[in-house]
A.B. asks: 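If you scroll down you'll find the structure; I have some questions about it.
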Protein chains: 2
Amino acid sequence: MITHKKRFETIIQKLKDNGHKITPQRIAIVKILVDSEGHPSVENIHAQIKTDFPTMSLATVYRNIVLIKSLGEVLELGFPDGSNRYDGNKPYPHPHVVCIKCKKIVDPDLDSLDEMKKEVEVETEFKILNHRLDFFGICSDCQAGKV
Amino acid sequence: MITHKKRFETIIQKLKDNGHKITPQRIAIVKILVDSEGHPSVENIHAQIKTDFPTMSLATVYRNIVLIKSLGEVLELGFPDGSNRYDGNKPYPHPHVVCIKCKKIVDPDLDSLDEMKKEVEVETEFKILNHRLDFFGICSDCQAGKV
DNA sequence: TTCTAAATGATAATAGTTATCAATTAGCAT
DNA sequence: ATGCTAATTGATAACTATTATCATTTAGAA
């Protein structure tokens, strides 16, 4: 399991390698992306960042998330009922478990979907490149009525 | 495999059972939902419907999709890069295969995720209610350069 | 046939995201 | 350390997808 610090350095290096400046705003955004436990939305990231950067623009956060996504260093998840969510720690397809009450997202440790992927390729004649697997339910906190 | 006609009748009956009027607009929307092969967006549905109902409002389509969704008769899929998609034939969790070029969606025939669901419940202590599984790739038509 | 609450159509409003442009600044060159 | 400049930011307008509002229409019960 790679550390948050390692992920931070990887993303910052990727920005440098692609000719981008390492601004204080970018450092702050990447830090939140890799430290976050729950795949935050842009709005979440902006709200957290305002503590240390009260004048940072929401547009700056959006622009930088798009940039980091274009470098393949963040996984973007869309849900039907709201804004997109971002995972800076595992920027590749992996399962999620989403609480439908508090919207928390956790990453369970499940077996690879490679077998299914092969079955799908045979059945559909698609060339499969990636996948998405989410389970939706109620977390133990919300079951206990803490939220 | 249930027929489109049967699905149509089921949805219409559900609307009646819930005290809703069966307007010509609703009949047209439900028909497109059950006849569609590729999980259309609201915009798609509206574009198709305009042929026979040139004055139907986009808001009417949106309102009715929301209504049918609230009755549990349509599956709603959100993607990070655009509008939501709707499946009126299988309004319950099932796998999808999405072409990243032409955006076509097909439903492969895969084994149940019940085993994984149990593993997830044990590991995360969530009560799992449903799931989402999508594979992303390139369909055979787009591989052949037809699109 | 009449009546009325539900539904529609048109459009304003909202939320999430992207584009624009003047001002600022990271970092390279000296 | 200083100067320079293209990249970046901040503020906000604009865009897209969706929802809210309200006058008008209509499905269907009586």
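Naming convention: chains lettered A, B, ... in sequence-line order (proteins, then strands); numbering from 1 in each chain.
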A.B. asks: May I have the distance from B:Arg85 (atom CZ) to D:dT18 (atom C1'), rounded to whole angstrom?
C.D. replies: 17 Å
A.B. asks: Nearest 0.5 angstrom please: B:Phe79 CZ to A:Phe79 CZ, how far?
C.D. replies: 12.0 Å
A.B. asks: Please report, rounded to the nearest Å, how far the C1' atom of C:dA26 is from the CZ atom of A:Arg26.
C.D. replies: 10 Å
A.B. asks: Could you list the residues that satisfy salt bridge (charged side-chain N to carboxylate O under 4.0 Å, His left out) with B:Lys117, not counting sequence neighbours?
C.D. replies: none
A.B. asks: Just checking B:Glu43: base, sugar-phosphate only, or nothing, at a heavy-atom cut-off of under 4.0 Å?
C.D. replies: nothing
A.B. asks: Below 4.0 angstrom, N of the basic side chain to O of the carboxylate: do A:Arg85 and A:Asp87 qualify?
C.D. replies: no
A.B. asks: Which nucleotide in the list D:dG10, C:dA6, D:dT8 gets nearest to the side chain of B:Lys21?
C.D. replies: C:dA6
A.B. asks: Where along residues 63-84 of chain A does a heavy atom fall under 4.0 Å from DNA chain C?
C.D. replies: A:Arg63, A:Val66, A:Ser83, A:Asn84
A.B. asks: If only side-chain N and O atoms of A:Thr60 are considered, is one of them under 4.0 Å from the OP1 or OP2 phosphate oxygen of D:dT8?
C.D. replies: no
A.B. asks: Determine whether B:Leu58 and B:Lys50 make a side-chain contact, defined as any pair of heavy atoms from C-beta on separated by less than 4.5 Å.
C.D. replies: no
A.B. asks: State whether B:His20 places a side-chain N or O below 4.0 Å from either non-bridging phosphate oxygen (OP1 or OP2) of C:dA7.
C.D. replies: yes
A.B. asks: Aromatic rings B:His131 and A:Phe135: how do their planes relate, parallel, tilted or perpendicular, breaks at 30° and 60°?
C.D. replies: tilted
A.B. asks: Can you tell me how far CD1 of A:Ile11 sits from NZ of A:Lys6, rounded to the nearest 0.5 angstrom?
C.D. replies: 13.0 Å
A.B. asks: Expressed in angstrom and rounded to an integer, what is the separation of A:Phe53 atom CZ from D:dT8 atom C1'?
C.D. replies: 14 Å
A.B. asks: So, does A:Tyr62 get its side chain near the phosphate of C:dT17, meaning an N or O under 4.0 Å from OP1 or OP2?
C.D. replies: yes
A.B. asks: So, is B:Gln25 near the phosphate of C:dG9, with a side-chain N or O under 4.0 Å from OP1 or OP2?
C.D. replies: yes
A.B. asks: With the threshold set at 4.0 Å, does a side-chain nitrogen-carboxylate oxygen contact exist between A:Lys103 and A:Asp81?
C.D. replies: yes
A.B. asks: Taking for each residue the nucleotide of DNA chain D bearing the nearest heavy atom, is the 5' side occupied by B:Val42 or by A:Gly19?
C.D. replies: A:Gly19
A.B. asks: Is it true that the side chains of A:Arg7 and A:Asn89 contain a donor and an acceptor less than 3.5 Å apart?
C.D. replies: no
A.B. asks: What nucleotide, of D:dT9, D:dA6, C:dG9, holds the atom closest to the side chain of B:Ser57?
C.D. replies: C:dG9
A.B. asks: Please give the angle, rounded to 10 degrees, between the axes at the start and the end of the helix from C:dT1-D:dA30 to C:dT30-D:dA1, where five pairs define each axis.
C.D. replies: 30°
A.B. asks: Rounding to an integer number of Å, can you tell me how far A:Ile27 CD1 sits from D:dT9 P?
C.D. replies: 11 Å
A.B. asks: Separation of A:Leu15 atom CG from D:dA7 atom P, in whole Å?
C.D. replies: 15 Å
A.B. asks: Under a plain distance cut-off of 3.5 Å, with no hydrogens placed, do B:Asp17 and B:Gln13 share a side-chain donor-acceptor pair?
C.D. replies: yes
A.B. asks: If the test is side chain to side chain donor-acceptor pair (under 3.5 Å), which one of A:Lys69, A:Glu76, A:His39 qualifies with A:Tyr86?
C.D. replies: A:Glu76
A.B. asks: Please report, rounded to the nearest Å, how far the P atom of C:dT25 is from the CE atom of A:Met56.
C.D. replies: 13 Å
A.B. asks: The side chain of B:Ala59 lies closest to which of these nucleotides: D:dA20, D:dA6, D:dG10?
C.D. replies: D:dA20
